[in-house]
Amino acid sequence: MAPVQLRSTPRRTRLLLVAVICIFFVWLHPSSNLFGLDPHDIRFLNFGLRPTPDVLRYVDPLIGTANGGHVFPGATLPYGMAKAVADTQSPAENAAGFVSDNNPVLGFSHMHDSGTGGHPSLGNFPLFVHPGCPDDDFKQCKFHLMERPTDRVNGSVIASPGYFSINLTNTVRAEMTATQHAVLYRFGFNGSATVDVATTADEPVISGVPYSPLVLVDLSDLMNSRSAGGIQVYPDDGRIIGEGKYAPSFGTGSYNAFFCADFQGATIRRTGTFQGDKAEEEPKFLDGSKPEFYVPSGSAGAWIQFEPPQDNTLLARVGVSFMSVDQACENAEREIPDWSFDRIERAARRAWHEKLSAIEVDATGVSEELLTTFWSGLYRSLLSPQNYTGENPLWNSTEPYYDSFYCIWDSFRAQHPLLTIIDPVAQTEMVRALIDIYRHEGKLPDCRMSFCKGYTQGGSNADVVIADAYIKHLREDINWTTAYEAVVSDAEVEPPNWGVEGRGNLVSWHSLGYIPWDDTDRNGTGPASRTISRGVEYAYDDFCISQLASALGHPADAAKYARRGGNWRNYWNPDQRDIHLDADGDVTQSHFVGFPQPRLVNGSFRYHRTRSCSPVQDMHSCYYDTSLDTYEGSPWLYSFFVPQDMASLITLMGGRDAFVERLRYFHESGIAYMGNEQAFLPTFQFHYAGRPGLSSYFVREYIPSLFNTSVNGLPGNDDCAMGAFSALAMMGFFPVAGQDVYLLTTPYFPEVRLRATVGGKSGWAVIKVHGFDPEGRRKYIQRARLDGREYTRNWITHDFFRNGGLLEFWVSEEEGKWGSEEGDVPPSYSPEMGRVDDELFARVDEEGRGRGLTAGSGRGT
Ligand SMILES: *[C@@H]1O[C@H](CO)[C@@H](O)[C@H](O)[C@H]1NC(C)=O
Ligand SMILES: *[C@@H]1O[C@H](CO)[C@@H](O)[C@H](O)[C@H]1NC(C)=O
Ligand SMILES: *[C@@H]1O[C@H](CO)[C@@H](O)[C@H](O)[C@H]1NC(C)=O
Ligand SMILES: *[C@@H]1O[C@H](CO)[C@@H](O)[C@H](O)[C@H]1NC(C)=O
Ligand SMILES: *[C@@H]1O[C@H](CO)[C@@H](O)[C@H](O)[C@H]1NC(C)=O
Ligand SMILES: *[C@@H]1O[C@H](CO)[C@@H](O)[C@H](O)[C@H]1NC(C)=O
Ligand SMILES: *[C@@H]1O[C@H](CO)[C@@H](O)[C@H](O)[C@H]1NC(C)=O
Ligand SMILES: *[C@@H]1O[C@H](CO)[C@@H](O)[C@H](O)[C@H]1NC(C)=O
Ligand SMILES: *[C@@H]1O[C@H](CO)[C@@H](O)[C@H](O)[C@H]1NC(C)=O
C-alpha cells in the first residue's frame with residue numbers, strides 16, 4: 001500500500017519519506033545498531049510484547065568460577081569455538097582456564113571448554129604481554145610458563161557476554177572479544193616512559209622498566225600435553241603462525257591445533273623465538289630439531305617486541321583452526337577483517353541477545369539475584385557443545401560437526417532438553433553431528449572432546465538424546481534410519497574398548513539381564529566397575545530405544561528393548577538394609593529396606609554400602625577409576641533412576657507414602673548431592689507419587705541456596721548442565737529426558753514466555769502465575785488451566801512448547817490436592833518381565849529373600 005500513496009506526493013518528499021522509512025526499518029531490524037542503540041531497547045516497537053529489559057545485564061559469566069564450578073567466563077559466541085580468557089595458575093581448578101582465586105595469570109588463550117571435570121582443557125597457544133623488559137634487554141623478560149605468571153589487579157576482572165578484561169600488576173590491561181573462530185585482544189599500557197613492574201607477591205617490584213611492549217606466544221596448552229609442534233615469526237609484518245599436537249582432557253588419543261596471530265597498533269622493533277626461558281632473535285622458526293622442544297611441559301614459542309604504541313594500545317588478532325595454519329589465518333581474516341574491537345563485541349552481544357530472546361520473563365518483584373541466577377544459567381547452557389562445523393580434520397562431510405560433548409552423561413538430563421525448546425536448530429545440528437560421528441567412528445560418543453573419544457561414565461546416553469529428539473519432533477534433516485542403526489548398535493554390539501564408546505558386558509546384559517559383578521567379558525575391555533549405575537542406565541537407554549523402535553515401525557525390537565528396559569529390577573535386593581555409621585561413628589541403620597545391589601553371575605547379591613559415594617560416606621571413591629559399583633553417586637541415589645517405570649519403583653518401595661518418605665529422606669539426610677546431574681530428576685520425582693508440591697518445595701530448597709550468583713555459586717562442575725537445571729526449574733517445568741514429559745512446579749516469575757518452535761496459536765508458550773509471590777512462600781500449585789481449560793495433570797507434553805499456548809497456575813502457601821490423583825501423574829511403562837528376570841526372582845524367592853514390598857513393612861527394624 002505505501003508505494004501507491006507515495007506516487008501522489010512530490011518526488012523530493014517521496015525520496016525523503018522513503019529514506020525515513022528505510023531508516024526506521026533498519027533501526028527496527030534486530031541486527032542493526034543505528035544510533036548506538038542496543039536492539040533490545042526498542043522491543044516496545046514489536047507491537048504486542050511487553051518491553052523486555054536488557055537481559056544481558058543479568059548475565060554474570062563469573063558465576064561458578066571458584067570451588068569446582070569450572071565455568072568458562074571469557075569472551076565467546078553461542079557454541080563458539082573461539083573462547084578467550086586469562087588462564088590462571090590454579091592447580092586442579094583451571095579446567096576452563098580462569099579461576100576466581102588469587103593465583104597469577106599464565107597468559108591469554110583462545111580455546112576452552114566450560115564446566116568440565118577431567119584435566120584442564122585446551123588453552124593452547126597462550127599470549128603473554130610484558131610492558132617492557134628490564135634494562136630494555138629482551139633476554140631479561142620472563143618467557144617460561146613457570147616464570148612469567150603475574151598477579152591480577154584485585155577487582156579488575158570485567159566479564160560480560162562477548163567480553164572479558166583483566167589488569168595485571170605488570171601494568172598491562174588485557175581485553176578480549178571473540179568471533180566464531182577468532183579472538184581480538186586489546187592490550188592497554190600505562191603510557192609512562194618507564195613503569196614499575198610487579199609480578200607476584202614473592203617477587204620484588206622491578207622499577208623503571210622502559211616502555212616497549214613484548215608479546216610472546218607459547219605453544220603450551222593448559223594440561224602441558226604438547227608432544228609435537230612448530231612456530232614461526234615473520235619479522236616484517238609480525239605474523240606468528242604455529243601448530244601443536246596435544247592430548248584431550250578426558251579421553252584417549254591426540255589432536256592437532258593451529259593458530260595465526262597478527263598485531264596492529266605499534267611498530268615492530270625485534271622478533272625471535274624462545275625455548276624454556278631462553279629467548280633469542282634467531283632462529284625465527286622452531287620445530288622438533290632441538291631436543292628440549294618436545295619436553296611437554298617445556299615452554300617454547302615466538303615473540304615480538306614493539307615500539308611504544310601511539311595510543312598505548314596494541315591489538316592482537318588470533319585465528320584458530322583444527323585443520324591448518326592457513327585455515328586459522330583465513331578464519332581471522334574473514335571474521336575480523338576490520339580489527340574493530342567494538343564492532344566484534346557488539347556483534348557478540350547481539351548474537352547472545354538473539355539466542356536468549358527465545359525466552360521472556362516478567363520480572364516484576366523478582367530480585368536482581370534471582371534474575372542473574374536465571375539468565376546466567378541460560379547463558380552457560382549455550383557455551384558447549386561447540387560448533388566445529390568446517391573444522392573437522394577427521395572426515396569430509398556435509399553434515400554439521402559439533403565437539404565438546406563433555407559429557408552426554410551430564411548433558412542429556414537438562415541441557416539438551418533445554419536446547420530442544422530454546423534452540424531447536426542447534427539441537428538438531430548436534431543430533432546430526434552425533435549421527436555423523438557414528439557413521440564415521442562406528443559408535444555414538446558418550447563423551448567427546450577435541451576430536452577424541454572421551455571416557456564413558458555410565459550408559460550410552462546418546463540413545464536418550466536421539467529418542468528425545470524424535471519424540472520432540474526434531475525430525476528435519478535427521479536421517480532416522482542411521483539414527484536407529486546407531487542406537488541399536490549401542491544396545492547390541494559391544495565395541496573392543498567400551499571405556500570410550502558403546503557399552504560393556506553386553507553378553508551378560510542380554511542373557512542375564514544385568515551386569516554381574518564377577519562377569520567374564522570376552523567381547524571387549526573397559527573399567528569393569530559401576531555394575532549398578534551402568535545397569536540402571538543401560539535399562540533406561542534400552543527403554544528409550546524401545547520408544548524409537550515403536551515409532552519407526554519395528555514392533556519386535558520395541559518389545560525386546562521394552563523388556564530390557566525392565567532390567568533395573570534385577571539389581572533390586574529387597575532385603576538390603578541401609579546400614580551406615582552415625583555421627584558418633586557407631587553402626588546404625590535407617591528403617592529403609594530394599595536397594596539396588598551388585599549381583600554375581602549365579603544370581604546372588606553382593607553387599608555394597610548403600611551410602612557409599614554420597615556426601616555422607618566415601619564421597620570421593622566413585623570417580624572413573626573406581627572399583628565400586630556406582631559412579632559418582634550411591635545406591636541410594638541410583639535407587640531412584642527408573643524414569644521409565646516410576647510406578648513399579650513406587651510399588652517396590654512400599655507405595656506412595658513410603659516412596660515419598662524415602663525420597664524426602666534422601667534430600668534431607670545429606671545423601672543427595674546437587675553438584676552432580678543425577679540429582680536433578682529426583683528433585684522432581686515426588687510428582688510420580690502425586691505430590692508435585694514437594695517437588696516445588698525442594699526446588700526452592702536448592703535455588704538459590706546452592707545455585708546463586710557468587711563466584712562459588714554452583715554446587716559442582718557446571719558441565720553446561722547446572723545452569724540448565726536452574727533455568728528450567730525457575731521457569732516451572734523439568735523434562736524427563738527421553739520422554740514426552742515435563743514435570744510442573746511453581747515458577748520463580750509471575751510470567752514466563754517461550755517462543756514456540758513451530759508457531760501456531762499465539763506463537764509463544766506462556767506460563768502465568770496468579771497470586772505470584774516474589775518471596776516464594778506461595779510455592780504450591782493449587783489449580784492450573786491450560787488454554788482456558790481446567791488442568792489437573794502435574795505434567796505437560798512438548799506440544800505446549802511447539803505450538804504455544806497458555807498455562808496458568810494459581811498458587812498458595814499450602815500444599816493442596818492439585819495433580820495428586822492416579823490419573824494426574826506422568827506415565828510409567830511397565831514391561832512384562834522377561835523370562836530370565838522371572839527365573840532370577842524365582843531364585844531369590846527360593847533363597848527366602850522374598851520379593852515383597854519391603855520399604856513399608858521393614859519399618860523400624
Ligand atoms: C588480592 O587480594 C588477596 C586477598 O584477598 C591478596 O592475598 C592478594 O595478594 C591480592 N593481590 C594483589 C595483587 O594485590
Ligand atoms: C584496569 O585498567 C584500566 C585501564 O588502565 C583502568 O581504567 C581501570 O581502572 C583498571 N582497573 C582496576 C581495578 O585497577
Ligand atoms: C603508570 O605507572 C606509574 C607507576 O609505575 C604510576 O605512577 C602512574 O600513575 C601510571 N599511570 C597511569 C596513567 O596509570
Ligand atoms: C577431504 O577432502 C579434501 C579435498 O578433496 C582432501 O584433501 C582431504 O584429504 C579430505 N580429508 C579427509 C579426512 O578425508
Ligand atoms: C554452525 O556452524 C556452521 C558453519 O559455520 C553454520 O553454518 C551453522 O549455522 C552453525 N550453527 C549454529 C546453530 O549456529
Ligand atoms: C539415510 O542413511 C542411509 C544409510 O544409512 C541411506 O541409505 C539413506 O539414503 C539415507 N536417507 C536419506 C533421506 O538421506
Ligand atoms: C561377542 O563376541 C562373539 C564372538 O565374537 C560374537 O558372536 C557376539 O556377537 C558378541 N556379542 C556382543 C554383544 O557384542
Ligand atoms: C553364588 O556364588 C557365591 C560365591 O561363590 C556363593 O556364596 C553363593 O552361595 C552362590 N549362590 C548360589 C545361588 O549359588
Ligand atoms: C551459593 O551457592 C554455593 C554453592 O552451592 C553455596 O555454597 C553458598 O552457600 C551459596 N550462597 C548463598 C548466599 O546462598
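Atoms within a ligand are numbered from 1 in the order they appear, just like the ligands themselves.
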For L394, the ligand 4 atoms with a heavy-atom partner under 4.0 Å come out as 13 (C)

Contact atoms of ligand 4, heavy-atom distance to P393 under 4.0 Å: 13 (C)

Quick check on atom 9 (O) of ligand 1 - does any protein heavy atom sit closer than 4.0 Å to it? no

Nearest protein heavy atom to atom 3 (C) of ligand 4: under 4.0 Å? yes

Which residue and atom name correspond to the protein heavy atom nearest [atom], and how close is it?
| atom | answer |
| --- | --- |
| atom 5 (O) of ligand 1 | N102 ND2, 4.1 Å |
| atom 11 (N) of ligand 6 | N479 ND2, 2.9 Å |
| atom 1 (C) of ligand 1 | N154 ND2, 1.5 Å |
| atom 13 (C) of ligand 1 | R152 O, 3.3 Å |

Taking all non-hydrogen atoms of both residues into account, name the closest pair between S384 and D113 and its distance. OG-OD1, 4.1 Å

Name the orientation class of the two ring planes belonging to [X] and [Y] (parallel below 30°, tilted from 30 to 60°, perpendicular beyond 60°).
| X | Y | answer |
| --- | --- | --- |
| F125 | Y246 | perpendicular |
| Y470 | W480 | perpendicular |
| Y401 | F451 | parallel |

Using distance alone, decide if ligand 4 has a nitrogen or oxygen within less than 3.5 Å of any nitrogen or oxygen in N396. yes

Element-labelled atoms of ligand 1 that are located less than 4.0 Å from some non-hydrogen atom of T169: 13 (C)

So, regarding T481 and ligand 6 (criterion: nitrogen or oxygen to nitrogen or oxygen, under 3.5 Å), is there a contact or not? no

Nearest 0.5 angstrom please: K453 NZ to I437 CD1, how far? 10.5 Å

Between N170 (side chain only) and V129 (backbone N and O only), is there a donor and an acceptor less than 3.5 Å apart? yes

Short side-chain to backbone donor-acceptor contact, Y538 and G504, under 3.5 Å: yes

Could you check whether Y185 and H110 have their ring centres less than 6.0 Å apart? yes

